[in-house]
Amino acid sequence: MRTIASNPPVRAAAPPSLSFRRPVPTPWIWAAGLFLLYCTVAVRRHQLLRTTGYDLGIFEQAVRAYAELRAPVAPLRGEGFNLLGDHFHPLLAVLAPLYRLWPSPLCLLLAQSALLALAVVPLARRAGDVLGPAAAHTVAAGYGLSWGIASAAAFDFHEVALAVPLLSFSLEALARRRWRQAVAWAAPLLLVKEDLGFTLAAVGAYIAIKGPRRLGLVTAAAGVLGSVLEVKVLLPAFNAGGGYAHGGNLADAHASLLSTLAHAPLDLLRPEVKAVTLILVFAPSALLALRSPLALTAVPTLGWRLLSENGFHWGTAFHYSAVLMPVVFAGLVDVLGRRAPDRRELRAVLATVLVVTAVLLPSFPLAQLAQRATWHSTPHGEAARALLDRIPDGATVAASNRLAPQLTARCTVVLFPTFPVGGELYRRDVPRIPAPTAAWIVHDEQAPEAWPYPSGHWPYPLERQRAELEAATRTYGYEVVARRDGITLLHRRPNA
C-alpha cells in the first residue's frame, strides 16, 4: 500500500515591512558624517571668536538683505556697498529662505557644511560603480578629509561652497557621458562667481572633445561670454567705483603685454609657494588625476590664482582650493576606471591616497578638533560675549574684525577702525581714517588667532587702532561703557 506523502509545511511569509527596507547607500552615509564633522569645526570656531567680519560677516549681511527682500548691501564692505559689485554671486539668494527661518551666522556655516559634504555623493557613487566598495570609501575619505575642503569648511562662509557640489555632480555626468546633464549641473556656476564661467567653458571643451561637439562648443562659448559679461558689464554696474573691484589682482606685473606673455610660464611657478600648491592640489590622488582629461576643468581656477598678484591666492589657506577637490578625485576615478588595474595595483593606489590624506591632515584645520584648546572656552571669549550683550538689537556698531560676525544677525555692523576707505579694499596706508559714525564701538586689542591670516592685527597695526580708539573718546563724543580683558565698549553721547 502506498503512503501518500504529506505536503511540506508552508513557511510563514516575511513581514511586509521588511520588503521595503533598503540599505542606505554608502555615499549618503559619508555625506552625513562629513556634514557633522564640518559643522563641528565651523561652529566651534565661531564660538571661540575665530570667525571674522571679513568674510562671514559680509556674507551674512548680504544673505540677511536677500531674506528681507533688499539688495545685498553689506556695510562691512563699505557704506551702501552692493555686494554684487564685489563678486557676482546672485545664487546666494537661495539661502535666504533658510536664513529667514534661522537668522544667525550659524545658518550660513551649517549650509556651507552641507554643501561641501553633499559633493562627496557623486564622487563616491562613481568610484563604487567603477572600482568597487573599497574605492568608494577611499575616495569619500580622501575628498572629505582633503586639505582643500578642510580649509574652506574652517574659514567663515564663501559663495564657492555652492559651486563644489554643482561641479561634483557635473563631473559624474561627464564620466557617465550624460552630456546634457553635465551642462545642466555646471550652468549655475555662472551665478556663483564671475571666474567660474571659465570652468563652465572647460566643461564645454571636454564635451566638445569627448562627446557632441556642437553642445560642447556652445557650452564653452556661453561660459566665456558669461564671465566676460560679468567682469566687464555687471560687476562695474553694481560697483559705485564703476570698475571691477578685484581687477588689480590681475594687473600686469611687467612693463608691457609682450613682456607679460613672455614671463607668464615662469610667473605661474614663481615664487615657489605656487609650485608647492600645484603639487599639493593633485597629491591626494597620488598625482594620477593629472592623467585624466577631467583635469581640464581645474585649469581656469589654477590659472587665475597663479597669475594673480595677491599672495593669498597662491597658497593652501582660505577657500580657494575647495572647487578643485572634486576635480582631483573625479580624475582619479576616471584614470583607474580606464586602466582597469589588477587588484594588487588598485590596492596600492588606494593605500597611497589614504596615506597622503593622513599625512596632510595634521597640517590643516580639521586637526583643530584634536586640540584641547578647541574644546575649552576662554575668559576672553566670555568677556567679549558679556560686553556684546550690552549692545541693543538694531543698533549701529563699529566692531573689530573678530567681533563683527557675533553681531551681524541683529545689528548694522561696520569695521573699526573704518575700512575700507573710499572703497579701496587693498589700501591700508590711508593718511586719515574717517571718523566713526556708529552709535556703538567695540574694540578688541588682543591679537587674534593667526590662521588663516598672517599673525598680527588687521586691517591696521595695533598702535593705529589704539589711536583711533582714543580719538573716539577725545574728539568724536564717545564714552567708555566698559572695559574687560582688552575689550573696550564705547557709546556715543547723545547729540555729540
Side-chain angles (χ1 to χ4, degrees), residues 51-59 61-62 72-87 156 235-236 238-253 308-313 318 396-405 407-408 411-448 450 452-478 480 486-492 496:
T51 53
T52 65
Y54 276 66
D55 295 318
L56 176 59
I58 288 176
F59 281 109
Q61 288 180 335
V73 171
L76 278 164
R77 183 59 180 81
E79 184 178 0
F81 192 96
N82 188 321
L83 208 58
L84 291 176
D86 187 50
H87 289 298
D156 292 6
L235 285 164
F238 286 109
N239 191 307
Y244 178 37
H246 301 276
N249 287 335
L250 297 175
D252 291 342
S308 171
E309 293 295 301
N310 187 337
F312 285 160
H313 295 158
F318 304 99
T396 58
V397 187
S400 294
N401 190 38
R402 300 276 174 167
L403 299 179
L407 293 164
T408 41
C411 298
T412 299
V413 185
V414 297
L415 210 61
F416 180 84
T418 303
F419 178 84
V421 176
E424 297 185 58
L425 185 60
Y426 297 101
R427 186 183 177 192
R428 298 179 181 85
D429 59 342
V430 291
R432 182 177 179 277
I433 297 175
T437 58
W440 296 80
I441 293 175
V442 58
H443 176 261
D444 187 357
E445 72 168 27
Q446 185 175 107
Y453 292 105
S455 59
H457 289 268
W458 185 91
Y460 306 104
L462 180 59
E463 294 74 17
R464 190 165 194 185
Q465 294 192 32
R466 285 173 172 167
E468 293 299 317
L469 194 65
E470 183 181 349
T473 57
R474 188 183 65 249
T475 307
Y476 302 132
Y478 287 85
V480 175
I487 303 170
T488 304
L489 178 65
L490 297 90
H491 184 236
R492 186 190 282 272

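Count residues from 1 along the sequence. FYI, side chains are in, hydrogens and waters are out, and symmetry mates aren't considered; it's all heavy atoms of this structure.
Between G243 and N239 the shortest heavy-atom distance is O-CB, 3.4 Å. Contact record, G85 with A245: O-CB, 3.9 Å, taken as the closest heavy-atom pair. Looking at every heavy atom in both residues, P436 comes nearest to Y476 through CD-CD1, 3.5 Å. Contact detail for P405 and G57: the closest heavy-atom pair is CB-N, 4.2 Å. Of all non-hydrogen atoms in G53 and A404, the two that sit nearest each other are CA-CB, 3.8 Å.
With contacts defined as side-chain heavy-atom distances shorter than 4.5 Å, the pair L462/E445 qualifies. W458 is listed as a side-chain neighbour of L415, based on a closest heavy-atom distance under 4.5 Å. Side-chain contact check for D156 versus F59: every heavy-atom pair is 4.5 Å or farther apart. W440 is not listed as a side-chain neighbour of C411, based on a closest heavy-atom distance of 4.5 Å or more. Annotation: side chain of R464 is in contact with side chain of I433 (closest heavy-atom distance under 4.5 Å). Here the side chains of D429 and R427 are in contact, with some heavy-atom distance below 4.5 Å. Side-chain atoms of V442 and F416, non-hydrogen and from C-beta on, never get closer than 4.5 Å to each other. In this structure, the side chains of T437 and T418 stay at 4.5 Å or more apart for every pair of heavy atoms.
Side chain of Q61 to backbone of V413: a donor-acceptor contact under 3.5 angstrom is found. Judged by distance alone, the side chain of Y54 and the main-chain N or O of L76 form a donor-acceptor pair under 3.5 Å. Side chain of S400 to backbone of D444: a donor-acceptor contact under 3.5 angstrom is found. Formation of a donor-acceptor pair under 3.5 Å by the Q465 side chain with backbone atoms of Y460 is found in this model. The backbone N or O of N401 sits nowhere less than 3.5 Å from a side-chain atom of T52 that would complete a donor-acceptor pair.
For an aromatic pair to be called close, the ring centres must be under 6.0 Å apart, and F81 with F238 fails this.
Partners of R428 under the salt bridge (charged side-chain N to carboxylate O under 4.0 Å, His left out) rule, at least two apart in sequence or in another chain, do not exist in this structure. The salt bridge (charged side-chain N to carboxylate O under 4.0 Å, His left out) search around E470 returns R474, not counting sequence neighbours.
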Checklist entry - Would L469 and L490 satisfy side-chain contact (heavy atoms from CB on, under 4.5 Å), going step by step from the backbone distance to the final call? => result CA-CA 9 Å; L469 194 65; L490 297 90; 3.4 Å; yes
Checklist entry - What's the verdict on side-chain contact (heavy atoms from CB on, under 4.5 Å) for L425 and F419, showing C-alpha distance, side-chain angles and the deciding distance? => result CA-CA 8 Å; L425 185 60; F419 178 84; 4.1 Å; yes
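Distance check: E463 CD to H457 NE2 gives 8.0 Å after rounding to the nearest 0.5 Å. With values rounded to the nearest 0.5 angstrom, T488 atom OG1 is found 10.0 Å from R466 atom CZ.
Among pairs with a residue in residues 74-87, those fulfilling side-chain hydrogen bond (donor to acceptor under 3.5 Å, both in side chains) read R77-D86, D86-H246, H87-E194, H87-H246, at least two apart in sequence or across chains.
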